[in-house]
Amino acid sequence: MRDSQATLPLDFFRPEIPTLADWDVVLLNSSGGKDSQTMIRQVVQVADDEGYPRNRLVVAHADLGRVEWKGTGDLAREQAQVYGLEFRAIARPQGDLLDHIERRGKFPGPATRYCTSDHKRGQIAKIVTALDRERRKGDRFRLLNCMGLRAHESPARRKKRPFTPNCYFSTKTREVWDWLPIHDWTDDEVWADIAESGVRYHDAYDLGMPRLSCILCIYAPKAALVLAGRQNPKLLDEYVAVERRIGHRFRVDLSMAEVKEEVDSDAPVGTLTGAWNM
């Protein structure tokens with residue numbers, strides 16, 4: 001459990017574009033998706049402009065196993081290597097999310113987002129701790145935690161501040177802040193940047209998926225779940241089987257069995273957008 005007594009200099013008047021030289025390490029969180037790869041490119045450009053060494057930029061990927069799109073981890077590594085950046089992947093040792101759901105007997109929900117806390121944030125925290133141990137030079141370690149979250153993705157993300165202290169990762173001797181470098185970017189701007197970069201993106205987007213989260217994300221609109229289920233029928237069957245065994249619906253308003261019915265019907269997918277209900 002994190003030290004509840006950790007104190008941070010909660011200086012909310014800092015500029016929203018931090019000076020990289022102030023940080024011992026800049027951690028770039030990568031899902032392997034379009035926003036992550038764009039965020040990485042933008043931070044690399046800032047680093048080069050400031051003369052900040054690329055060997056202090058580290059890309060971190062929380063490996064979700066079978067519940068993430070095939071090849072995602074390899075692509076995240078490839079995208080990091082394009083810029084010559086160190087890459088670290090980590091997965092929850094107790095098993096992937098679907099294993100966790102079955103053991104817990106319930107799917108994640110808005111009030112119980114253990115998919116994020118245990119399989120993403122909790123694992124990235126281990127990388128933060130390792131970097132602190134490896135690269136601390138004095139009495140205090142400072143890490144800038146960068147993410148590709150954008151305001152256009154959801155109402156909740158629209159409300160986020162682009163530069164804030166991270167009390168979960170911080171301790172009495174470790175200061176961590178979160179930075180959202182492309183928070184105000186639109187989808188069109190992201191895709192234009194990817195086209196300019198020439199860096200490979202995940203082919204799930206060419207299939208019609210607007211986002212590269214878990215294949216069957218609890219926050220995804222039904223149309224996206226149907227499309228994902230058609231592309232990943234074996235995983236969909238596994239979700240349906242788990243749902244049946246634990247007696248708990250995927251979502252209050254939608255079961256995996258209902259998604260499978262739509263998949264099997266070959267009905268049109270419907271309108272897809274990048275706005276998840278999260």
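Between the CG atom in D35 and the CZ atom in R157 there is a gap of 8.5 Å [rounded to 0.5 Å]. In this structure, CG on N166 lies 10.5 Å from CG on L27, to the nearest 0.5 angstrom. A distance of 9.5 Å separates CG in D203 from CG in L212, rounded to the nearest 0.5 Å. Here the CZ atom belonging to R211 is positioned 10.0 Å from the CG atom belonging to D187, to the nearest 0.5 angstrom. Atoms NZ and CZ, from K126 and R88 in turn, are 14.5 Å apart once rounded to the nearest 0.5 Å.
Ion pairing of D237 with K260 is present here, as a side-chain N (NZ or NE/NH1/NH2) and a carboxylate O approach within less than 4.0 Å. Contact check on R249 versus E243 returns no salt bridge, with no Lys/Arg side-chain nitrogen under 4.0 Å from an Asp/Glu carboxylate oxygen. With salt bridges taken as basic N to acidic carboxylate O contacts below 4.0 Å, one links D48 and R54. Here K34 does not pair with E189 in a salt bridge; the nearest charged N to carboxylate O distance is not below 4.0 Å.
A 4.5 Å side-chain heavy-atom check between E86 and N55 finds every atom pair outside the cut-off. Annotation: side chain of L227 is in contact with side chain of M209 (closest heavy-atom distance under 4.5 Å). With a 4.5 Å cut-off on side-chain heavy atoms, C115 and K120 do not count as touching. V263 has its side chain within reach of L236: a pair of non-hydrogen atoms, C-beta onward, lies under 4.5 Å apart. Side-chain contact between V176 and Y168 is absent, with no heavy atoms from C-beta onward closer than 4.5 Å. Side-chain contact between V59 and N29 is absent, with no heavy-atom pair separated by less than 4.5 Å. Within the 4.5 Å cutoff, side-chain heavy atoms of L20 are placed close to those of V46. Taking 4.5 Å as the limit, every side-chain heavy atom of M256 sits out of range of all side-chain heavy atoms of E258.
Listed here is the closest heavy atom pair of Q79 and Q37: NE2-OE1, 3.0 Å. When all heavy atoms of L144 and P18 are compared, the closest pair comes out as CD2-CG, 3.7 Å. Closest of all the heavy-atom pairs between K70 and H202 is O-NE2, 2.9 Å. In plain terms, the two heavy atoms of I218 and P108 that are nearest each other are CD1-O, 3.4 Å. Y83 and S197 get closest at one heavy-atom pair: OH-CB, 4.3 Å. Of all non-hydrogen atoms in E153 and R150, the two that sit nearest each other are OE1-N, 2.7 Å.
For R135 and F141, the positive end is not near the middle of the six-membered ring at less than 6.0 Å and at most 45° from its axis.
Of the candidates L28, V26, V43, N145, V43 is the only one forming a side chain to side chain contact (heavy atoms under 4.5 Å, CB included) with W179. Of the candidates H100, Q123, Q94, R113, H100 is the only one forming a side chain to side chain contact (heavy atoms under 4.5 Å, CB included) with D118.
No side-chain donor-acceptor contact under 3.5 Å links D96 to the backbone of L64. Looking only at distances, a side-chain donor or acceptor of S36 sits under 3.5 Å from a matching main-chain atom of S31. Looking only at distances, no side-chain donor or acceptor of E134 sits under 3.5 Å from a matching main-chain atom of L131. Under the 3.5 Å distance criterion, the side-chain polar atoms of R142 are left unmatched by any main-chain donor or acceptor of V25. A donor-acceptor contact shorter than 3.5 Å links the side chain of H61 to the backbone of S30. Between the side chain of R230 and the main chain of E262, a donor-acceptor pair closer than 3.5 Å is present. Distance alone, capped at 3.5 Å, places no donor-acceptor pair between the R41 side chain and the V44 backbone. With hydrogens and angles ignored, the 3.5 Å screen pairs no side-chain donor or acceptor of R77 with any backbone N or O of T72. In this structure, the side chain of R174 engages the main chain of F169 through a donor-acceptor pair within 3.5 Å.
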Item to complete: Kindly determine whether E68 and C214 satisfy side chain to side chain contact (heavy atoms under 4.5 Å, CB included), including the steps that lead there.
Response: CA-CA 5 Å; E68 70 179 15; C214 292; over 6 Å; no
Item to complete: For W69 and Q231, run side chain to side chain contact (heavy atoms under 4.5 Å, CB included): C-alpha distance rounded to whole Å, both residues' side-chain angles, the deciding distance at 0.1 Å, then the answer.
Response: CA-CA 10 Å; W69 287 85; Q231 298 297 327; 4.1 Å; yes
Item to complete: Give the C-alpha distance, both sets of side-chain angles, the deciding distance and a yes or no for side chain to side chain donor-acceptor pair (under 3.5 Å) between R104 and T112.
Response: CA-CA 11 Å; R104 188 167 178 139; T112 54; 5.4 Å; no
Fill in: Pair F163-D178, side chain to side chain contact (heavy atoms under 4.5 Å, CB included): steps then yes or no
CA-CA 6 Å; F163 188 48; D178 291 336; over 6 Å; no
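A continuous path of Ile, Leu, Val, Met, Phe, Trp and Tyr side chains, each step under 4.5 Å between heavy atoms, connects V226 with L216, placing both in one hydrophobic cluster. Both I215 and F107 are assigned to one and the same hydrophobic cluster, defined by single-linkage of ILVMFWY side chains at heavy-atom distances under 4.5 Å. M147 and L85 fall into different hydrophobic clusters, where Ile, Leu, Val, Met, Phe, Trp and Tyr residues are linked whenever their side-chain heavy atoms come under 4.5 Å apart, directly or through other members. Under a hydrophobic-cluster definition in which Ile, Leu, Val, Met, Phe, Trp and Tyr are linked whenever side-chain heavy atoms come within less than 4.5 Å, directly or via other members, L207 and L75 are assigned to different clusters. Residues Y239 and Y114 fall within the same hydrophobic cluster, defined by Ile, Leu, Val, Met, Phe, Trp and Tyr side chains chained together at heavy-atom separations under 4.5 Å.
Using modelled atom types, one finds no donor on one side chain facing an acceptor on the other under 3.5 Å when comparing R161 with T164. In summary, the side chains of Q42 and D193 do present a donor paired with an acceptor at a separation below 3.5 Å, with no hydrogens or angles considered.
In this view, E238 and R66, L98, K234, L235 satisfy the side-chain contact (heavy atoms from CB on, under 4.5 Å) rule, not counting sequence neighbours.
The aromatic ring centroids of Y52 and W23 lie 6.0 Å or more from each other.
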